[in-house]
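Residue numbers start at 1 and run along the sequence shown.
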Amino acid sequence: MKAPAPSTNPLPGRSGFHAGPLSASVFFFLLAICLAAPLAYLMDVPERDVANRYAPMAEAFAGGSWAYAFHPRVPMFHSALCGVLIRLFGVGGFTAAKLVSAGCFAAAVFPLFGIMRRVFDETIAAGSLLIYVINPFLLRLSGTGLRENLKCLLLLMMVHAVFLIAERRKSPGRYLYLGAASGLLMITRSEMILFCGLVLFGAMVYEAYHARFPWRSLAGTLLAAAFVCVPAVVNNAIFALPTPEVRYLTLFEALAGRAPSLADAVLIAAATPVLMSGISVAIVRVFAGDRLKPMLIAAGIAFALASVVLFVRETLRADEEMLFEVFLTFERAFDPLWSVPALIGAAVRFRDRRFSPAERLLLVIIAVHTLVVVNQIVLYDRTVMFSIRYLVPVSPLGFGWTFCGVCAIAVLLGRYIPGVKTRPATTVLLAAYVFGALFHCLGPLLKDYFEPRHKAVRSGTLLLAEIIRSHAPAHSRAAAPAFDSADYECAAAPGVFFENDSKYCVSAYLAGGRMVRGIDHADFYVTVPESSDAPSPPPSEGDWVPLDETVPMGSRGICTVYRRGEVTP
């Protein structure tokens with residue numbers, strides 16, 4: 001793998017972004033902050049994952065309630081980072097999560113610019129940042145408090161480290177940078193453990209090809225393993241489950257026939273990097289010289305084919321409705337707004353023989369990430385249904401081609417339409433792209449504020465939270481939840497039981513309490529929205545008193561709130 005050389009600029013008569021790399025990065029960083037901050041402020045109703053997991057865990061972390069700050073189902077880095085912000089600034093968990101999302105969204109411009117400048121040139125790198133900061137999905141996520149912007153930042157840092165290593169393979173610090181980014185990514189999203197392992201193994205093979213032993217990449221991989229050990233140690237201390245995530249606990253039990261110990265976890269974390277380094281040396285020695293590249297290509301093709309076959313086998317078992325949902329998931333994750341121009345840009349560069357080895361590496365990273373993440377979900381959950389949030393964070397790696405595609409379209413317009421000049425056409429197309437992307441981003445938010453049906457649900461959720469808060473008993477019956485390794489529940493009170501798990505369930509968190517799993521320890525009971533104005537009947541068991549207020553939920557009708565008649569001190 002050689003350090004990539006700058007490619008030909010798609011804009012005639014200009015060789016680069018004259019403001020300089022740092023000025024370009026800082027400009028787009030500030031622009032990203034200016035775009036993300038209003039979204040974070042206006043998004044006053046949290047997503048379910050934020051309300052039921054991330055925000056309560058961050059608040060528990062800030063308060064030192066360790067049994068509720070961590071959970072073996074949720075990797076710890078995101079909630080710990082949010083908890084630190086709560087301690088420093090005294091904000092709530094939801095606000096802290098939104099600050100992390102917005103900050104990570106803005107900070108990601110620095111590694112992204114570093115990648116694109118090495119793969120293409122400074123002009124295309126600056127254009128990539130423009131495409132990034134107005135990307136509808138990533139920008140919208142920056143105001144939610146979800147983990148995807150943090151994942152995107154760490155993923156870009158990882159890829160940036162790969163290109164830094166390609167530039168100067170003898171620098172130990174660059175391997176440690178790769179290891180730190182990989183380790184933090186693995187304790188942010190557990191499905192990234194396998195992907196990060198493959199990237200680290202690739203770095204070992206690369207180093208072993210040029211040196212006698214890959215000790216620099218081994219050091220970086222050991223650093224990543226040390227990060228993964230932290231949640232294993234924490235989970236063992238609190239829950240007696242020495243694993244970074246419960247899926248790997250299940251995997252160990254299936255292979256070993258017993259539950260792991262802390263010594264098992266530490267031994268696996270220490271031995272795996274050493275084993276990987278030995279395998280990398282063996283591969284390089286066995287397939288020495290010109291045979292190594294064909295072997296790696298063959299292994300990659302075999303991996304891709306096996307992954308595709310696995311996914312296709314599962315999709316063939318799905319019905320038509322599920323297949324349509326799968327199509328929509330990929331269509332939204334690889335949004336045509338950026339992916340169609342990216343295909344055009346990549347095709348033009350390939351036609352002009354400017355598609356460099358560095359670009360092929362980017363394409364491989366995108367493909368491997370997609371295949372690994374999707375098939376982990378297929379294997380573990382036995383479903384082809386998954387959120388687009390699993391795939392969106394890798395999309396910035398394709399934005400260089402998107403910018404090239406927009407420029408290529410402008411060149412074609414100038415070539416075949418009389419009177420159209422390339423540079424004005426490029427400016428107009430980029431302006432249209434920016435406004436289209438921002439409208440796409442703001443659409444759901446504008447619906448929540450102005451579209452009657454969505455506005456009613458948002459207003460009803462906030463009203464429901466206020467009703468619960470104003471009627472909260474002095475002594476809650478919401479006892480501390482029993483630990484469940486498959487699900488997280490905090491200890492905040494009052495406890496609210498909902499007949500249906502929908503968006504308005506976040507009102508429990510907004511009221512200062514929590515959504516409980518069972519009705520036995522609930523202080524409030526919220527019915528499913530009814531189409532009529534008549535209140536829903538109370539639960540058959542227990543002494544429940546209906547509150548005077550009913551909560552309108554737009555076209556979904558109303559929901560009724562019941563409070564326990566007796567409050568146990």
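- In this structure, the side chain of Tyr206 does not engage the main chain of Val162 through any donor-acceptor pair within 3.5 Å.
- For the pair Phe498 and Tyr504, the minimum side-chain heavy-atom distance is below 4.5 Å.
- Residues Ala62 and Ile86 approach most closely at CB-CG2, 3.5 Å, considering heavy atoms.
- Distance check, rounded to the nearest 0.5 Å: OG1 of Thr402 to CG of Leu337 gives 8.5 Å.
- In this structure, Lys98 contributes its side chain and Leu146 its backbone to no donor-acceptor pair below 3.5 Å.
- In this model, a donor atom of one side chain and an acceptor atom of the other lie less than 3.5 Å apart for Tyr509 and Glu59.
- Counting heavy atoms from C-beta outward, Val45 and Ser507 have side chains that stay 4.5 Å or more apart.
- Met116 and Ser128 make their closest contact through CG-OG, 3.5 Å (heavy atoms, listed as atom of the first residue, atom of the second, distance).
- For the pair Arg360 and Phe355, the NZ or CZ position fails the cation-pi test of under 6.0 Å to the six-membered ring centre and within 45 degrees of the ring normal.
- The line from CD1 of Ile33 to CZ of Phe28 is 14.5 Å long, rounded to the nearest 0.5 Å.
- Expressed to the nearest 0.5 Å, how far OG1 of Thr95 lies from CG of Leu99 amounts to 6.5 Å.
- Contact of the Leu130 side chain with the Phe399 side chain is not registered, since no non-hydrogen atoms from C-beta on lie closer than 4.5 Å.
- Here the straight-line distance linking atom CE of Met192 with atom OG1 of Thr188 works out to 9.5 Å at 0.5 Å rounding.
- Checked against the 6.0 Å centroid threshold, Tyr449 and His454 do not count as a close aromatic pair.
- Within the 3.5 Å criterion, the main-chain N or O of Met76 finds a donor-acceptor partner in the side chain of Ser79.
- At least one side-chain heavy atom of Val374 sits under 4.5 Å from a side-chain heavy atom of Leu391.
- In plain terms, the two heavy atoms of Leu112 and Pro396 that are nearest each other are CD1-O, 3.6 Å.
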Handout entry: side-chain contact (heavy atoms from CB on, under 4.5 Å) between Asn135 and Ile131, intermediate numbers included
Key = CA-CA 6 Å; Asn135 178 263; Ile131 302 300; 5.7 Å; no
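- The main-chain N or O of Lys455 is never found under 3.5 Å from a side-chain atom of Asp448 such that the two would form a donor-acceptor pair.
- Side-chain contact between Met158 and Cys196 is present, with heavy atoms from C-beta onward closer than 4.5 Å.
- Arg174 contributes no side-chain N or O that, together with a main-chain N or O of Ile165, makes up a donor-acceptor pair within less than 3.5 Å.
- Between Trp338 and Phe334, the ring planes lie tilted relative to each other; the angle falls in the 30° to 60° range.
- For the residue pair Val308 and Leu371, the shortest heavy atom distance occurs at CG2-CD2, 4.2 Å.
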Exercise for the section: Before giving the answer on salt bridge (charged side-chain N to carboxylate O under 4.0 Å, His left out), spell out for Asp487 and Arg53 the whole-Å C-alpha distance, their side-chain angles and the decisive distance to 0.1 Å. Expected result: CA-CA 9 Å; Asp487 190 21; Arg53 293 193 289 177; over 6 Å; no
Practice task
Please step through side-chain contact (heavy atoms from CB on, under 4.5 Å) for the pair Leu178 and Val199, ending with a clear verdict.
Solution key: CA-CA 9 Å; Leu178 175 62; Val199 173; 4.2 Å; yes
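- From Cys490, atom SG reaches atom OH of Tyr68 across 9.0 Å, with rounding to the nearest 0.5 Å.
- Side-chain N or O atoms of Arg140 include one that pairs as donor or acceptor with a backbone N or O of His440 at under 3.5 Å.
- Rounded to the nearest 0.5 angstrom, Ile388 CD1 and Leu141 CG are separated by 7.0 Å.
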Problem - Full working for side-chain contact (heavy atoms from CB on, under 4.5 Å) between Ile124 and Asp121 - result: CA-CA 6 Å; Ile124 298 177; Asp121 60 29; 3.4 Å; yes
Practice task
Step by step, work out the salt bridge (charged side-chain N to carboxylate O under 4.0 Å, His left out) result for Arg389 and Glu47.
Solution key: CA-CA 13 Å; Arg389 293 191 279 118; Glu47 298 288 335; over 6 Å; no
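- A cation-pi geometry, defined here as NZ or CZ lying under 6.0 Å from the six-membered ring centre and within 45° of its normal, does not hold between Arg147 and Phe77.
- Judged purely by atom type and a 3.5 angstrom limit, Asp335 has no side-chain atom pairing as donor or acceptor with the backbone of Pro136.
- Listed by chain and number, the residues in a ring-ring contact (aromatic ring centres under 6.0 Å, His included) with Tyr132 are Phe105 (sequence neighbours excluded).
- Proximity of Asp44 to Arg458: side-chain heavy atoms (C-beta onward) are separated by under 4.5 Å at one or more points.
- Of all non-hydrogen atoms in Cys82 and Val100, the two that sit nearest each other are SG-CG2, 3.7 Å.
- At least one donor-acceptor pair closer than 3.5 Å links the side chain of Arg514 to the backbone N or O of Ala492.
- Side-chain N or O atoms of Arg189 include none that pairs as donor or acceptor with a backbone N or O of Leu185 at under 3.5 Å.
- Applying the ring-ring contact (aromatic ring centres under 6.0 Å, His included) criterion to Tyr54, with sequence neighbours excluded, gives His78.
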Practice task
Evaluate the side-chain contact (heavy atoms from CB on, under 4.5 Å) criterion for residues Val133 and Leu139: first the C-alpha distance (whole Å), next the side-chain angles of each, then the deciding distance (0.1 Å), finally the verdict.
Solution key: CA-CA 7 Å; Val133 297; Leu139 179 55; over 6 Å; no
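- Under the rule for a ring-ring contact (aromatic ring centres under 6.0 Å, His included), the partners of Tyr177 that lie at least two apart in sequence or sit in another chain are His160.
- Considering only heavy atoms from C-beta on, Arg73 comes within 4.5 Å of Arg247 through its side chain.
- Shortest non-hydrogen contact noted between Ala465 and Leu510 is CB-CB, 3.6 Å.
- Because its NZ or CZ atom is not both nearer than 6.0 Å to the ring centre of Phe113 and within 45° of the ring axis, Arg117 does not count as a cation-pi partner of that residue.
- For the pair Phe450/Leu446, a side-chain contact is recorded, criterion being any heavy-atom separation below 4.5 Å from C-beta on.
- Asn235 places a side-chain N or O within 3.5 Å of a backbone atom of Thr243 that can act as its donor or acceptor partner.
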Practice task
Step by step, work out the ring pair (Phe, Tyr, Trp, His ring centres under 6.0 Å) result for Phe403 and Phe120.
Solution key: CA-CA 11 Å; Phe403 181 73; Phe120 301 100; 9.4 Å; no
